[in-house]
Amino acid sequence: MNKKNIIKEVIILLIAFIILFWDIQMYSVRAEAVEPQWGSTTIHYTVDDSYMVYIPESIEVGEQVEISVMDFNVSNDKSVVVSFGTFDTNDSIYLHNENDYEKIIEVCFRNNEGETYQSICPRIGTFSNGNTTPITFTSYIKSTENAKAGNYSGSVTFNFFCE
Amino acid sequence: MLKKKLKKDEIRQIVFAALSCIICITLHISYRMYRIENQKGIYWNEDNMIDNSATKQVQIECFDTLHFDANKTLQQVSIHNPNGNSCYMKYQIILDGDILWQSDMIQPNYGFKEIIIRKKLEEGTYSAEYIVKCFDLKTKKELNGINAEVSIIVS
């Protein structure tokens, strides 16, 4: 019992010493800090470019198509380029007959100046901090010659990248 | 005697509460992992809604950088189908022509905060494609979509 008490007392004393020593150390650090100290560090943080795009769900042939952006948070030195994904021919994409997939008609796209977009230069437009005006273009049927009667549909993929 | 009984009741209540908590947490984690592993997305709880159904437009969030952890398959992201859309979205991340990750068809107001990619990546910066395909809610017919270039920074 006595031994136990002694051990307890020793432990308490040790803890007291540790606390005291710790406090002295802290105090000495504080004392040193009184001397004027100068230095600097650089803090880096990057907010990634992001934006919300609005594309048409589907394209009605002959109607004007609009692509726009919102919440545009892109660095000033960058712009977002929009282009057509893939063309099925040099200048058109295929719409497939809903009842007979093999039957197709070709759809082309032209800009507001009347120029048809080509697969070698599919760029539709760009968005930047100074210019987030919606981009517009129109689609038209290349040829309906020998086209089978029925409804035709297809989808377009738009490419977006920062440059 | 009464005191002893009270104590026993209290212990029983504490054990019951603890067990309930464990069961709830296990269920929650299992459900979350099921949603992640099956690429189904989680409820996004997005209140501010811009209704795109009238304009027949699709709203898609784009970014040019993804940050992944090195040598891990579970990654943190923030990808969701905005609440105002009236279409499903299917997401893909393509790296070197291979699918690194793809989702199931995600309904509006659902998305991903965590994904499991198909292979672990080492530290570095990778050039990848972020593809978003859209599908009609009723017919599931494919609509217009986007393909964006992204950098994956692995650290």
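Order of the sequence lines sets the chain letters (A, B, ...), proteins ahead of strands, with each chain counted from 1.
- Evaluation of the side chain to side chain donor-acceptor pair (under 3.5 Å) rule for B:Glu122 yields no partner, not counting sequence neighbours.
- The minimum heavy-atom distance linking B:Lys141 with A:Glu98 is given by the pair NZ-OE2, 3.5 Å.
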Next item on the list: Could you walk me through whether B:Gln57 and A:Ser68 pass side chain to side chain contact (heavy atoms under 4.5 Å, CB included), step by step?
Entry: CA-CA 10 Å; B:Gln57 292 245 308; A:Ser68 57; 4.2 Å; yes
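- Heavy atoms closer than 4.5 Å to chain A are found in both the backbone and the side chain of B:Ser86.
- Using a 4.5 Å cut-off between heavy atoms, B:Cys134 makes no contact with chain A at all.
- In this structure, A:Glu57 and B:Val58 approach most closely via the heavy-atom pair CG-CG2, 3.3 Å.
- Taking each heavy atom of B:Asp64 and A:Lys78 in turn, the nearest pair found is OD2-NZ, 3.2 Å.
- Residue B:Leu19 qualifies as enclosed at atom CG: its count of foreign heavy atoms under 6.0 Å is above 12.
- In terms of modelled atom types and a separation under 3.5 Å, the side chain of B:Asn144 and the main chain of A:Pro56 share a donor-acceptor contact.
- The candidate with the highest count of non-hydrogen atom pairs below 4.5 Å against chain B, out of A:Val53, A:Thr157, A:Ile59, is A:Val53.
- In terms of heavy-atom pairs under 4.5 angstrom with chain B, the leader among A:Asp49, A:Ile55, A:Val82 is A:Ile55.
- If you tally non-hydrogen atom pairs under 4.5 Å between each of A:Thr46, A:Val74, A:Asp48 and chain B, the highest count goes to A:Asp48.
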